[in-house]
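See below for the structure under consideration.
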2 protein chains.
Amino acid sequence: MASDHTRSAILAAAERLYADRGFGDVTLRDIVAEAGVNLAAVNYHFGSKDELIAELFVTRSIATNRERLRELKAAEEQGGGRAPIEVILHALVGPTLRGCLGPENQRSTAARFMIRASIESVPPIRRIKNREIDHLRKFAGAMRRALPDRSDVDIYWGLNFALAMAHHTIRESERLTKLSEGKCDLDDVEDVVSRVVSVATMALTAGKAETKAPARVAAR
Amino acid sequence: MASDHTRSAILAAAERLYADRGFGDVTLRDIVAEAGVNLAAVNYHFGSKDELIAELFVTRSIATNRERLRELKAAEEQGGGRAPIEVILHALVGPTLRGCLGPENQRSTAARFMIRASIESVPPIRRIKNREIDHLRKFAGAMRRALPDRSDVDIYWGLNFALAMAHHTIRESERLTKLSEGKCDLDDVEDVVSRVVSVATMALTAGKAETKAPARVAAR
DNA sequence: GATAGTTTCATACAACTGTTTGAATTGCAA
DNA sequence: TTGCAATTCAAACAGTTGTATGAAACTATC
């Protein structure tokens, strides 16, 4: 019914501003100015500022989660209900890394927004992240099936470390570039993914029967 | 000259409140009420709210950094200028993890404050963290000496992943406990440290000449 | 005990925040 | 056209925030 024009103009403007300047110093007035709409429009269409932020974040994060599960499901079906651990980990961290890294000049607004969301932790986003546990449990299940000898504790630690490496690399990508004087190429996303997967795989399989050496994609 | 009483009362109250409720919703008025001093005292003694936060964070983080360097130096001196990679990594992540984890009921205010600081990323703290690069370079140097065959890129990635696992585990300790239904024991700090060190060591030594298997401390 | 310097205090300031209101406008159906 | 609901708008609201001010109280020195 509604033209929806104002609504999506707000969403686009908000995402752009949050991506560029962070949640801390973007006010509703900044957003409506950028969107060219009236101040009251935000509350009319979204209810509150927090709900606007939540909608932005939910949209992007269900897209990522769907992609993760799609990859996971495809892998498990192909393997008859059991996928190799590398592939599971790839499905876990691949979509996130691909969604947030990549050459800066061609990095989408959505990507920059998600980086912000992972650096600054504002209440509405934190609330949503806390509901991610069910989603992660699905991966824990797949990992258990892939490594039936492994204890639950080790599985959870492996999962934790995989997410750790992915998220920290996103959060601190600038610092890593500076620290390594550009030697670590964060733009080569597939290299980053395979590094994370490789280390997480080692973490999960160390001290047990041999698995095939995790493939390392050549940089650039 | 000054009695210093007001000053330290403010520091203590601020640290306590920030630790409990986060930076987001603690105002100067909350702090001075808790400290039992006048509102103007904060600006008189610290200049501004941001400088108060910065002083809190700097105090704690130089303590951690000093401890890190102390461990590193001791290890390198004992090894004649070259320390085993496990020990270097231990010096890198041990102090941080020990300072932030541990049984909740006996967790110090300082520890809880540092956890907050690593979850919420407020401007004055971010500014300080950005100056940590020189400190990290010292560890990169030690790691290079320990693993002369390794490329710089691999060294930096290993360093990045070690910090990733430590910081993410601190940030998301609550979620990991919930996800694992308590199976991952975050209170057993030395177990956490050795898990992180062990994985980071594997990341740095994989595919090269054998090193001795990193020691795994039994839990509890 | 007067003096000078430091510290405390109550209070006001000035700016900014997200939100609400009620009237104006628009778009669409009858 | 008329009528009705959805949308837009300017304006104000109500609250909070960090900071500044100038007088009062205190402290130590001479």
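The analysis underlying the following values was restricted to heavy atoms, covering all of them including side chains, and did not include hydrogens, waters or symmetry mates. Here is how names work: the chains are called A, B, and so on, in the same order as the sequence lines, proteins then strands, and each is numbered from 1.
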### Message
From OH of Y44(A) over to P of dA5(D), roughly how many Å is that when rounded to an integer?
### Response
13 Å

### Query
Is the shortest distance from a Lys or Arg side-chain nitrogen in R21(A) or E120(A) to a carboxylate oxygen in the other one below 4.0 Å?
no

#### Entry: T6(A) side chain near dT7(D) phosphate (N/O to OP1/OP2, under 4.0 Å)
no

### Message
Output the rounded distance in Å from CZ (F46(A)) to P (dT20(C)).
### Response
16 Å

### Task
Using the six-membered ring wherever Trp is involved, compare the ring planes of F113(A) and Y18(A) and label them parallel, tilted or perpendicular (cut-offs 30° and 60°).
tilted

### Message
With a 4.0 Å cutoff (strictly under), does any side-chain N or O of N38(A) reach OP1 or OP2 of dT7(D)?
### Response
no

### Message
Strictly below 4.0 Å: does H45(B) bring a side-chain N or O up to OP1 or OP2 of dT8(C)?
### Response
yes

Polar atoms only, N or O, under 3.5 Å: list the protein pairs with nucleotides 15-19 of chain D and their distances.
unit_1, atom_1, unit_2, atom_2, d
dG18(D), OP1, K49(B), NZ, 2.5
dG18(D), OP2, L28(B), N, 3.0
dG18(D), N7, R29(B), NH1, 2.9
dG18(D), O6, R29(B), NH2, 2.9
dT19(D), OP2, N43(B), OD1, 3.2
dT19(D), OP2, K49(B), N, 2.9

### Query
What residues form a side-chain contact (heavy atoms from CB on, under 4.5 Å) with S8(B), not counting sequence neighbours?
none

### Message
Walk me through whether R16(A) and T109(A) qualify under side-chain hydrogen bond (donor to acceptor under 3.5 Å, both in side chains).
### Response
CA-CA 6 Å; R16(A) 212 173 322 141; T109(A) 308; 5.6 Å; no

### Task
Look at H5(A) and dT7(D) and indicate whether a side-chain polar atom (N or O) is within less than 4.0 Å of OP1 or OP2.
no

### Query
Counting only heavy atoms not in E174(B), do more than 12 fall under 6.0 Å of its CD?
no

### Query
Quick one: ring pair (Phe, Tyr, Trp, His ring centres under 6.0 Å) partners of H168(A), sequence neighbours excluded?
H167(B)

